[in-house]
Amino acid sequence: MDARKLSLDFDVAPFLFCLDSVRGSRIVRAAVELGVFPQLAKEAAPAERVAGALRVSVRGTRLLLDGLTALGLLGKEKGSYRLLLIAQALLVPGSPDYLGDLVQGSILDETWDHLTEAVRKGGLEEPAEPVERQKRAEEFFPVLIRFLHVVNRTPAIAAARALGAGTGHRGLRVLDLACGSGVWSLAVADADPEARITAVDFPGVLAYTRRYGERHGLAGRYEYLPGNVQEVVLPEAHYDLAILGHILHSEGEGKSRKLLGRVAKALRPGGRIAILEFLPNRERTGPLDPVLFGLRMFLNTEEGGIFSAEEYAEWLAEVGFPKVESFEIGSHSPLLVASRGTD
Ligand SMILES: C[S@@+](CC[C@H](N)C(=O)[O-])C[C@H]1O[C@@H](n2cnc3c(N)ncnc32)[C@H](O)[C@@H]1O
């Protein structure tokens, strides 16, 4: 496998299902804890041989391996189990996209046990630190962005295409705000060989962004601006494209509107704002993913939430970007592209 390559050779849907369902996630967690994936990376084998190597029960192993096969992570031929590409990439330690620790830990789920109490009191007291604050962000996001880098790679390539990177638009000056791994701007940089990216995030996260740039052979096109997106000094009328990838939901309405105002000033005439967000309908009755994500924001942030396309369009119009287009990019979150409409 070529670790520098941005495109994926597999569909990540089975892994998403595993993370979202209790049974799926517990089966994968048990397999990670028992060392099933590195064992099968050594050789394809029947249940008896895997159980012997791991010193565990044959009966349990057979059921576990069949479960992993039904979940789409293993193949089974003539009683012998082998890793499918998705398991090789995501669940064998040492792989650049390894997510076994994410399955083992409870980073995504720890706060859900307190939902009742949070609804009762209007928020969570523990953990006291919401994820948008630097200290918590620097603990939480280095793990989460590894997951986002896998899930968003294919949509990011589609988004770069929709933005005309390297085709209608060359030499883009890009501001990637709350960049995480930089997945969205990496795809732009890949498509537009003259693009230059300024990546903003907390310093403890930017250290990881640099590594992704190096991994994909695009680090030379990046400069880094460490700090809080609400506070870093942005040059005026400088950028052609500002990317806001899954950041407005954790900021919430007030801070998002403020941030959009700052971004608008940083854009040149003809500049565009690209937003990737979970978008519920106006009534917040669906689709399911965005609506459930709203509760995650309630549990993990101070003011975060989910906002409809119409709400974003209203906020964008307020800062002088009334023309908003939406593009399907093969993700739960469409790409919204806003421009001044007069350029
Ligand atoms: C959900 S991740 C999204 C990362 C990336 N944009 C993507 O879409 O994959 C949110 C990112 O925003 C960063 N972040 C959150 N609040 C921030 C703030 N106030 N200032 C700077 N970065 C922030 C986090 O460190 C994290 O890397």
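All values below come from the heavy atoms of this structure, side chains included, with hydrogens, waters and symmetry mates left out. If you're wondering where the values come from, they're calculated on a predicted model, not measured in any experiment. Counting starts at 1 for both ligands and their atoms, following the listed order.
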Using a 3.5 Å cut-off on N or O atoms only, is [X] in polar contact with ligand 1?
X: Leu177; answer: no
X: Asn228; answer: yes
X: Asp176; answer: no

At a 4.0 Å cut-off, with the gap strictly under it, does some heavy atom of [X] reach an atom of ligand 1?
X: Gln134; result: no
X: Gly227; result: yes
X: Cys179; result: yes
X: Leu276; result: no

* Looking only at heavy atoms, what is the nearest atom pair of Trp184 and Ile243, with distance? -> CB-CG2, 3.8 Å

Answer yes or no: is there a side-chain heavy-atom contact under 4.5 Å between [X] and [Y]?
X: Leu73; Y: Leu84; answer: no
X: Leu172; Y: Leu163; answer: no
X: Leu54; Y: Thr61; answer: no

Ligand 1 versus [X], non-hydrogen atoms closer than 4.0 Å: side chain, backbone, both, neither?
X: Ile247; result: side chain
X: Glu251; result: side chain
X: Val183; result: side chain

* Please work out whether the ring planes of Phe278 and His249 are parallel, tilted or perpendicular, with thresholds of 30° and 60°. => tilted

* **Residue Leu148 vicinity, atoms of ligand 1 by number, heavy atom under 4.0 Å** =>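 Taking each heavy atom of Leu148 in turn, ligand 1 has 1 (C), 2 (S), 3 (C), 9 (O) under 4.0 Å.
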
* Asked: In terms of atom number and element, which parts of ligand 1 are under 4.0 angstrom from non-hydrogen atoms of Gly245?
  ->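 Reading through ligand 1 atom by atom, the close ones are 3 (C), 5 (C), 6 (N), 7 (C), 8 (O).
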
* **From the candidates Trp184, Phe147, Phe202, Phe141, the one that places a heavy atom nearest atom 26 (C) of ligand 1** => Phe141

Could you tell me whether [X] and [Y] have a side-chain N and a carboxylate O separated by less than 4.0 Å?
X: Arg210; Y: Glu214; answer: no
X: Arg284; Y: Glu311; answer: yes
X: Arg153; Y: Asp190; answer: no

* **Closest protein heavy atom to atom 20 (N) of ligand 1, given as residue, atom name and distance to 0.1 Å** =>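 Going atom by atom, the protein heavy atom closest to atom 20 (N) of ligand 1 ends up being Val229 N, 2.9 Å.
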
* Contacts of type salt bridge (charged side-chain N to carboxylate O under 4.0 Å, His left out), residue Arg170, not counting sequence neighbours -> Glu194

